[in-house]
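One structure is given here, and the rest of the page talks about it.
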Amino acid sequence: MASNLLLRSSSRLVGSCPWAQATQKSLTTSAVIKKDYVMADPLDHATGVEKFELLAKKEGNDDPFFLRSKPRGKGTKDDPTIVNALDTYRMVGCVCSKTDTNIKWMWLYENKPKRCECGYWFQLKAHPAPDRYKMPL
Ligand SMILES: [Zn+2]
């Protein structure tokens with residue numbers, strides 16, 4: 001309230017001067033800049049799957065649903081490339097060579113390692129999926 005009164009009285013003073021417009025504007029913007037505006041935290045507004053993902057990111061897990069692409073590992077039958085999934089099956093795409101312009105897609109099932117056309121082996125590792133009815137609110 002006191003700062004509001006101060007601004008009014010100073011703007012009246014400035015308004016009577018010939019160079020009033022420029023000075024008056026700078027007073028107004030400086031008052032707005034000094035006010036504390038704070039954006040709301042997205043975590044407070046999010047619910048369900050979005051909040052689950054934000055909480056996982058906060059705990060350090062950037063990919064809780066295994067959506068990011070991964071480079072192939074060694075890919076032998078004894079040491080296959082592990083593919084994480086939230087179910088017992090998942091579709092996997094393999095870019096067999098660097099010069100390929102297409103992706104070879106195949107279904108991968110739990111406990112059934114599979115070999116791509118290029119010779120690399122893949123194996124599915126199933127993780128328990130989060131319960132959709134117990135998502136954070
Ligand atoms: Zn391949």
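As the structure is a prediction and not an experimental result, all values here were calculated from the model.
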Qualifying side-chain hydrogen bond (donor to acceptor under 3.5 Å, both in side chains) pairs, either residue in residues 70-86, two or more places apart: N84-H127

Connected-component partners of I82 among ILVMFWY, side-chain separation under 4.5 Å: none

All side chain to side chain donor-acceptor pair (under 3.5 Å) counterparts of T101, not counting sequence neighbours: none

Expected list for residues 128-136: side-chain donor-acceptor pairs under 3.5 angstrom, two or more places apart:
{"unit_1": "D131", "atom_1": "OD1", "unit_2": "Y133", "atom_2": "N", "d": "3.2"}

K104: partners by salt bridge (Lys or Arg N to Asp or Glu O under 4.0 Å), with sequence neighbours left out: D100

Hydrophobic cluster of W121, others only, ordered by chain and residue number, side-chain cut-off 4.5 Å: none

Minimum side-chain heavy-atom gap S97-C118 below 4.5 Å: no

Residues clustering with M91 (ILVMFWY side chains joined when closer than 4.5 Å, directly or via others): Y89, V95, I103, W105, W107, Y109

Connected hydrophobic set around V83, excluding itself, where side chains approach under 4.5 Å: V92, M106, L108, Y120, F122, L124

Which residues share a side chain to side chain contact (heavy atoms under 4.5 Å, CB included) with R68, sequence neighbours left out: D62, D63

Review item, side-chain donor-acceptor pairs of residues 40-60, under 3.5 Å, at least two apart:
{"unit_1": "K51", "atom_1": "NZ", "unit_2": "L43", "atom_2": "O", "d": "3.4"}
{"unit_1": "K51", "atom_1": "NZ", "unit_2": "L137", "atom_2": "O", "d": "2.9"}

